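Here's the structure we're looking at; comments come further down.
On a predicted model such as this, the values are computed, not experimentally measured, just so you know.
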Amino acid sequence: HPRANRTHIDDRIAHHCTRAMSLKSVNPNAEVMNRDAALFMNINAAKGLQDVMKTNLGPKGTIKMLVDGAGGLKLTKDGNVLLREMQIQNPTAVMIARTAVAQDDITGDGTTTSVLVIGEMLKQAERYLNEGLHPRVLVEGFDAAKRASLQFLAEFKREAPGMEAPDRELLLCVARTALRTKLREELADRLTTIVVDAVLCIGKPDQPIDLHMVEIMTMKHQTDNETKLVQGLVLDHGTRHPDMKKHVDDAYVLTCNISLEYERSEVNSTFMYTDAEQREKMVAAEREYTDETVRKIIALKNKVCDGNDKGFVVITQKGIDPISLDMLCKAGIIGLRRAKRRNMERLVLACGGQCINSVEELSPEILGKAGEVYEYVLGDDKYTFVEKVENPTSCTILLKGSNDHTISQLKDAVRDGLRAVKNVLTDKGVVPGAGAFEVALYKHLNDVCKKTVEGRAKRGVEAFADAMLVIPKTLAENSGYDAQDAIIAMQEEFDRGNVVGFDITTGEPFDPVMNGIYDNYLVKQQILHSAPIIATQLLLTDEVLRAGVNMRKR
């Protein structure tokens, strides 16, 4: 009845005004945004962030240039770097950006995809909201679609062997797919083998993979094509004595946490002497402990190197003073001091042996071995290479580039590549890429899941399914092809029973498995977990209250 409807609307307006007035009475500075305006703000913020990130997706994505307050530049197409570095003002957009960054922290990839899916879910929901559908009904459909999607993902994934019997070819395909979205093709292909070999080097069956055992060292030198994997370790410092050897072959490596420098006593003490001879004896007694430690190391060197031309290298976490350095140099020993704690762990894994804490533990059994140890000088910087080690379980990726932009890009890409390979070995599964999963999920949700949901919640399932198509559509758009033609061609192939992705080179559907295009199972799983949660929370926001205490006005 018209009068009854009018009364109901009047009641709602009166109720809303009462709430707003009550908030104003508590805090006169409070700002209130009602349901329609709050939803409109959330949806627009998600769409705005989506439009910014859209052009970055896929191997054909464009690069963004970030300029900071000091005029510094950063060139990147990595979604994680963009969202961390961009100054975002809108609170809704900040929330979505944090979700996407958390996605990268957990899985190492999928930030851009996460932003696109959340934005598209809200865009599809807006259609139904404008037709008068209540957000709660849409959310029920989203929840049903999310459960069905995760179940379908588990069925759709392809099994992959773990660290017990790794499939190197499959790992190369996964790393190549991840790296090509962040770097140019030629460089990505070069880094692919480096990243895979690095993870296989440090991985052990039945043990978690610790990516910290891969040292990432940068050199501003030559071109990015000179980047290489060192089966050993690169230290970012050299020897401190000008006459020490710069190159030794077939060397014993002593890793220790022993101080080889004269240390002052921890308590305030005074020595009284009556003549110069007493003073000299006192100074000699103070040095005696340190000199004795050095002599024991020299004695061990003489014992293991007697009768052969093998080298001897001492790497300590603590200091070596000039007198001790001179003693080591005369004995033909290379001495490196102040090594990082993390590098001490890596050295033992790379060269073998043990890291000792006192001279009482000195014996030939605790020594590691390296085929080659040499110093490399680049400008004012010195680097020490420990190479040609047997059965290393730690290694170094040496990144070279002519400028800071290139090195920064390489660093971000290598980190993501390492995580992608690790995820495959941990999850023991991969997902066919190039948009194949998203189109398959769209078909599954419309053909199977929609029939299990009753009533208006079907609209939520439809919105979820349509949102999934944003990935293949964006891949097509970024490659210069028509998005609708691409989706229709892929759906026709799926109707014939073929699993196909979008070929960015030809613009036609193709088999991603045959072409080695794989995505991480963990990345897809995390996106399907987090994106619907954020989308539903934003849809169920019916009021935005800015009622914070402003300290400046006090």
**Item:** Evaluation steps, side chain to side chain contact (heavy atoms under 4.5 Å, CB included), between Val117 and Ile471
**Value:** CA-CA 8 Å; Val117 170; Ile471 304 302; 4.2 Å; yes
**Fill in**
Separation between CG (Leu538) and CD1 (Ile118), nearest 0.5 Å, reads 8.0 Å
**Prompt:** Which pairs, with at least one residue in residues 512-536 and sequence neighbours excluded, count as a salt bridge (Lys or Arg N to Asp or Glu O under 4.0 Å)?
**Reply:** Glu438-Lys524, Asp519-Lys524
**Asked** What's the shortest heavy-atom distance between Gln317 and Ala339, and which atoms?
**Response** CG-O, 3.4 Å
**Prompt:** Does the Thr62 side chain pair with the main chain of Thr55, one donor and one acceptor, at a distance under 3.5 Å?
**Reply:** yes
**Asked** Does the pair Arg176 and Leu172 meet the rule for a side chain to side chain contact (heavy atoms under 4.5 Å, CB included), with working shown?
**Response** CA-CA 6 Å; Arg176 193 179 297 116; Leu172 286 169; 4.2 Å; yes
**Prompt:** Are Leu539 and Met121 side-chain neighbours, meaning at least one heavy-atom pair lies under 4.5 Å?
**Reply:** no
**Item:** Side-chain heavy atoms of Leu410 within contact of Leu187, under 4.5 Å
**Value:** yes
**Prompt:** With a 4.5 Å limit on heavy-atom distance, are the side chains of Ile517 and Phe510 in contact?
**Reply:** yes
**Prompt:** Atom OG1 in Thr192, atom CG in Leu179: separation rounded to 0.5 Å?
**Reply:** 5.0 Å
**Asked** Counting distance only, does the side-chain N/O of Asp210 pair as donor-acceptor with the main-chain N or O of His212 below 3.5 Å?
**Response** yes
**Item:** Trace of the side chain to side chain contact (heavy atoms under 4.5 Å, CB included) decision for Leu211 with Ile202
**Value:** CA-CA 8 Å; Leu211 292 180; Ile202 63 165; 4.1 Å; yes
**Item:** Glu120 vs Lys123 side-chain heavy atoms within contact, under 4.5 Å
**Value:** yes
**Request:** Answer whether the closest heavy-atom distance between the side chains of Leu150 and His529 falls below 4.5 Å.
**Result:** yes
**Message:** If I take atom CE from residue Met217 and atom CD1 from residue Ile397, how far apart are they, to the nearest 0.5 angstrom?
**Reply:** 12.0 Å
**Asked** Is the side chain of Asn478 donor-acceptor paired with the backbone N or O of Lys54 at a distance under 3.5 Å, no angle test?
**Response** yes
**Item:** Inter-residue atom distance Glu131.CD - Leu129.CG, 0.5 Å rounding
**Value:** 9.5 Å
**Message:** Whether the side chain of Thr396 engages the backbone of Val234 through a donor-acceptor N/O pair (distance < 3.5 Å, no angle test) should be reported.
**Reply:** yes
**Prompt:** Given side chains that start at C-beta, do those of Val448 and Phe152 come closer than 4.5 Å, heavy atoms only?
**Reply:** no
**Message:** Please give me the minimum heavy-atom distance between Pro532 and Ile527, naming the atom from each residue.
**Reply:** CD-O, 3.7 Å
**Item:** Reported OG-to-CD distance for the pair Ser530 and Gln525, which is rounded to 0.5 angstrom
**Value:** 10.5 Å
**Message:** Tell me if a side-chain donor or acceptor on Tyr481 pairs with a main-chain N or O of Thr505 at a distance below 3.5 Å.
**Reply:** yes
**Message:** Can you tell me how the ring of Phe437 sits relative to the ring of Phe156, calling it parallel under 30°, perpendicular over 60° and tilted otherwise?
**Reply:** tilted
**Crowding at CZ, Arg338 (>12 non-hydrogen neighbours, <6.0 Å)** = yes
**Chi angles and distances behind the side chain to side chain contact (heavy atoms under 4.5 Å, CB included) call for Leu57, Thr113** = CA-CA 7 Å; Leu57 189 76; Thr113 307; 3.8 Å; yes
**Asked** Okay, side chain of Asp482, backbone of Asp485: is any donor-acceptor separation there less than 3.5 Å?
**Response** yes
**Prompt:** Looking only at heavy atoms, what is the nearest atom pair of Phe464 and Ser149, with distance?
**Reply:** CE2-OG, 3.3 Å
**Request:** Step through the shown structure and confirm whether more than 12 heavy atoms of other residues, nucleotides or ligands are within 6.0 Å of CZ on Arg127.
**Result:** yes
**Complete:** Paired with Pro509, the side chain to side chain contact (heavy atoms under 4.5 Å, CB included) test is passed by just one of Asn498, Asp503, Val500, namely Val500
**Complete:** All heavy atoms of Leu418 vs all of Ala198, minimum pair found to be CD2-CB, 4.2 Å
**Message:** Taking atom CD as the centre, does Glu169 end up with more than 12 heavy-atom neighbours from other residues, nucleotides or ligands that are less than 6.0 angstrom away?
**Reply:** no
**Item:** Close side-chain approach of Glu185 to Asp189, heavy-atom, < 4.5 Å
**Value:** yes
**Message:** With rounding to the nearest 0.5 angstrom, report the CG to OG1 distance, Leu171 to Thr193.
**Reply:** 12.5 Å
**Request:** Determine whether Gln491 and Lys443 make a side-chain contact, defined as any pair of heavy atoms from C-beta on separated by less than 4.5 Å.
**Result:** no
**Whether Lys146 side chain and Ile533 backbone form a donor-acceptor pair below 3.5 Å** = no
**Closest non-hydrogen atom pair between Ala420 and Val174, with its separation** = O-CG1, 4.0 Å
**Prompt:** Do any N or O atoms from the side chain of Asp427 and from the backbone of Tyr521 form a donor-acceptor pair under 3.5 angstrom?
**Reply:** no
**Request:** Locate the shortest heavy-atom distance separating Ala436 from Phe494; write the atom from each residue and the value.
**Result:** O-CZ, 3.4 Å
**Message:** Other residues, nucleotides and ligands only: do more than 12 of their heavy atoms fall within 6.0 Å of CD on Gln537?
**Reply:** yes
**Item:** salt bridge (Lys or Arg N to Asp or Glu O under 4.0 Å) contacts touching residues 407-422 (sequence neighbours left out)
**Value:** Lys182-Asp416
**Request:** Scan for side chain to side chain donor-acceptor pair (under 3.5 Å) pairs involving residues 461-477, sequence neighbours excluded, and state none if there are none.
**Result:** Tyr128-Glu462, Lys450-Glu462, Arg459-Glu462
